Amino acid sequence: MRPTAWTGSVAAVAAVLGLVGLYLDAPPAAGAGAGLAGLLASMAVLFLVRTLRVADGIAVERTVERSLVRQGSPVGVETRVVLPASPGLEVSLADLPPASALHDPAGARISGGSAAYRVRLPLPGEVAFRGLRLTTADRFFTTGLDLTAPAFAGPSVTVLPAGQVHGEDLPGTGAGEMEREKRALLRGQGIRSYREFRSGDDPALIDWKLSAKYGRFFVREPTGSAGGPPFVVVDLPPCGAPGADALLSAAGDTVESVIRDHGSVSLLTVAGGDLVAFRPGEADLPALVRLLSPRDEDPAAPLFRVRDPVWLRRRMGAADRGATGPSHRLAAALRATLATPSRSPFEEEIERCLGSVEPGSVVVFTSGVGELSHLVLIGAAVRRTGRELRFRLPGAARATVAGLAPYARVEAI
Amino acid sequence: MAVDRVRVAAVGLVALAAAGVWLVPGLDPLLGAVVLLLGGALAWLAWSGHGDRYLLLCTGEAFALGIGLALPVLAVLAQPFLAALAVGTGDRAALVAGGGAATLLAAGFVLAGETLLALLALVAALAAVAVTLAGLEAWAARRLAGGAA
């Protein structure tokens, strides 16, 4: 609590009157000086009481654009404050972002009960908004208080590092079986919905009644393929790929919302034709978010123009129907390929991962640049299990959408 | 109209106090002249609105001292008006608290008669108030910062 210039001036008058009263032994003079001193003391008490009443009555609501941000990326903050009435006091408030945040202090000042500004968070990890800075003043005194109690602080923001994928063996990498304590309600498989037949679907799922009614094939989607939390697959983008930040932020948001809704999430990260990490049934959000980082550009593609057998058969049929010599040779080559089926280690790993997670939909986040064979194989593997699959891309190119559309719905981030 | 009434009241009160001083038997004429001069200056400052608030306060205190030397009870009665000059009339709670404290202390000094002892007691009381307020503020700051109260 600091006195203002006015307080100092009044105190000077009180001191002069007191000295005059003491020197002249004049009680009226001393009394006038004492009166002024008493006035200042009562103003100090009143100021403190009013300030504490205002501080105790403040209610704050703060929302952040995203709870997962890339290191150094700007994020918007909106703070709303409800202030109690404060007669006789000038009150000003300012938001206190995380200590490491870079922001414009003028933007963080709360006027009209709200403030909207942007901060950049340069340090990775979990950071929280600290609270509010309260400044009160009247004619006699002024003070500033930092309101950093839990009632005024929060929310937390997780800052993703801007570094590279580390080549370390993480728990969950590879495949296997694990037991997890969970109560499960055993129920038979019902029908969740119907959809149009897509090449590669199990013919046993065709609903003949509906197909006859509309003149085209419809298949049943069992509830077994729809229940449970979605399985999140993230195709880590190379550094500098367009939309990489948006992709990883969207993937992080999805992971967070699945954990919030279901308590845990199964996450698989791949880089081209390689598995990077697999974390089934994980609830540790920061640990999962650390896996979502861009990777180094790899000139060697372990999978190159790999097609699933259904596509090959269709292509072989078209080649067989061709009239030219080259088309017949192509058909023969495709037939020979199909005669000796082989599966890449990537396909086998994907199938093991799908088999070890709860039945549910699958959502794949990918930048859609470069070689798409690994996405084709993921699509084919998910289709074989009868699950719903969605690809999510930042600004998908037509060729990419055309390549993935036979397997799943393609959505833009 | 409200402002005019305040001006009129201020001038009227100053004129009454100055006149009252002259009615005190055995008054030193010089003191009476000083009080009249100060009263005139105060009334003019209050009526015209000119003069800094601090000048008004100092002039008012000098006037109250003058009339108090003639008749101590007048100095006590002047305290609420001096408090209004120091605190302002916009904040009623502050005016009541400040005016009340000033009047009580002035009355206490006039009744006590022993200036030195009363001043020493006042200084000790003010020091105690300052220390208490500092402690309260530190406790409140700790509580509002989320520490142990």
Side-chain angles (χ1 to χ4, degrees), chain A residues 1 5-7 9-10 12-14 16-52 55-56 58 87-89 130-132 134 138-140 143-153, chain B residues 53-54 57-58 61 64-76 78-79 82-83 86-88 90-94 97-116 118-119 122-123 125-126 129-130 132-134 136-137 140-141 143-147:
Chain A
M1 204 161 84
W6 178 250
T7 303
S9 307
V10 172
V13 173
V16 165
L17 285 169
L19 286 172
V20 165
L22 186 64
Y23 183 71
L24 296 178
D25 195 19
L36 280 179
L39 181 143
L40 291 178
S42 66
M43 291 299 101
V45 171
L46 190 63
F47 174 77
L48 189 60
V49 166
R50 283 173 167 173
T51 297
L52 295 183
D56 283 337
I58 290 175
L89 266 189
R130 290 175 290 156
L132 298 169
L134 170 70
D138 66 6
R139 186 183 289 191
F140 293 92
T143 190
L145 292 170
D146 282 342
L147 311 182
T148 53
F152 307 104
Chain B
R53 185 179 292 279
Y54 192 55
L57 178 67
C58 293
E61 288 287 353
L65 176 59
I67 62 174
L69 285 174
L71 204 59
V73 70
L74 288 179
V76 175
Q79 292 308 306
L82 295 170
V87 174
D91 188 348
R92 200 171 289 177
T103 307
L104 281 172
L105 277 171
F109 264 70
V110 166
L111 287 172
E114 201 37 77
T115 309
L116 177 61
L119 275 176
L122 176 69
V123 167
L126 287 176
V129 166
T132 306
L133 286 178
L136 272 173
E137 193 187 11
R143 181 173 63 85
L144 292 167

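Note that the structure is a prediction, hence the values are computed from the model and not measured.
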Tell me, side chain or backbone of [X] under 4.5 Å from chain B's heavy atoms, or both, or neither?
| X | value |
| --- | --- |
| A:L145 | side chain |
| A:V45 | both |
| A:L147 | both |
| A:F140 | side chain |

Segment of [X] engaging chain A (4.5 angstrom heavy-atom cut-off):
| X | value |
| --- | --- |
| B:L116 | both |
| B:A134 | neither |
| B:A64 | neither |
| B:A106 | both |
| B:V87 | both |
| B:L133 | both |

Under 4.5 Å, counting heavy-atom pairs only, tell me which of B:A86, B:A125, B:A78 racks up the most with chain A.
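Ranked by heavy-atom pairs under 4.5 Å with chain A, first place is B:A86.
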In terms of heavy-atom pairs under 4.5 Å, which option from B:A101, B:A141, B:G98 contacts chain A the most?
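So the answer, after comparing B:A101, B:A141, B:G98, is B:G98.
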If every non-hydrogen atom of [X] is compared with every non-hydrogen atom of [Y], which pair is closest and at what distance?
| X | Y | value |
| --- | --- | --- |
| A:A29 | B:L65 | CB-CD1, 3.2 Å |
| B:A94 | A:R50 | N-NH2, 4.1 Å |
| A:G38 | B:L105 | CA-CD1, 3.3 Å |
| B:Y54 | A:A12 | OH-CB, 4.3 Å |
| B:L119 | A:G18 | CD1-O, 3.7 Å |

Tell me, out of [options], who's got the most heavy-atom pairs with chain B below 4.5 Å.
| options | value |
| --- | --- |
| A:A44, A:G31, A:A151, A:A37 | A:G31 |
| A:L36, A:L134, A:D138 | A:L36 |
| A:S42, A:A41, A:G21, A:S9 | A:S9 |

Could you please spell out the steps behind the side chain to side chain contact (heavy atoms under 4.5 Å, CB included) verdict for B:L144 and A:D146?
CA-CA 7 Å; B:L144 292 167; A:D146 282 342; over 6 Å; no
How many angstroms lie between atom [atom1] of [X] and atom [atom2] of [Y], to the nearest 0.5 angstrom?
| X | Y | atom1 | atom2 | value |
| --- | --- | --- | --- | --- |
| A:T51 | B:E137 | OG1 | CD | 8.0 Å |
| A:L24 | B:T115 | CG | OG1 | 10.0 Å |
| B:L136 | A:M1 | CG | CE | 9.5 Å |
| B:L82 | A:L39 | CG | CG | 9.5 Å |

Would B:D91 and A:R139 count as a side chain to side chain contact (heavy atoms under 4.5 Å, CB included) if you check the C-alpha gap in whole Å, the side-chain angles of each, and the deciding distance to 0.1 Å?
CA-CA 11 Å; B:D91 188 348; A:R139 186 183 289 191; over 6 Å; no
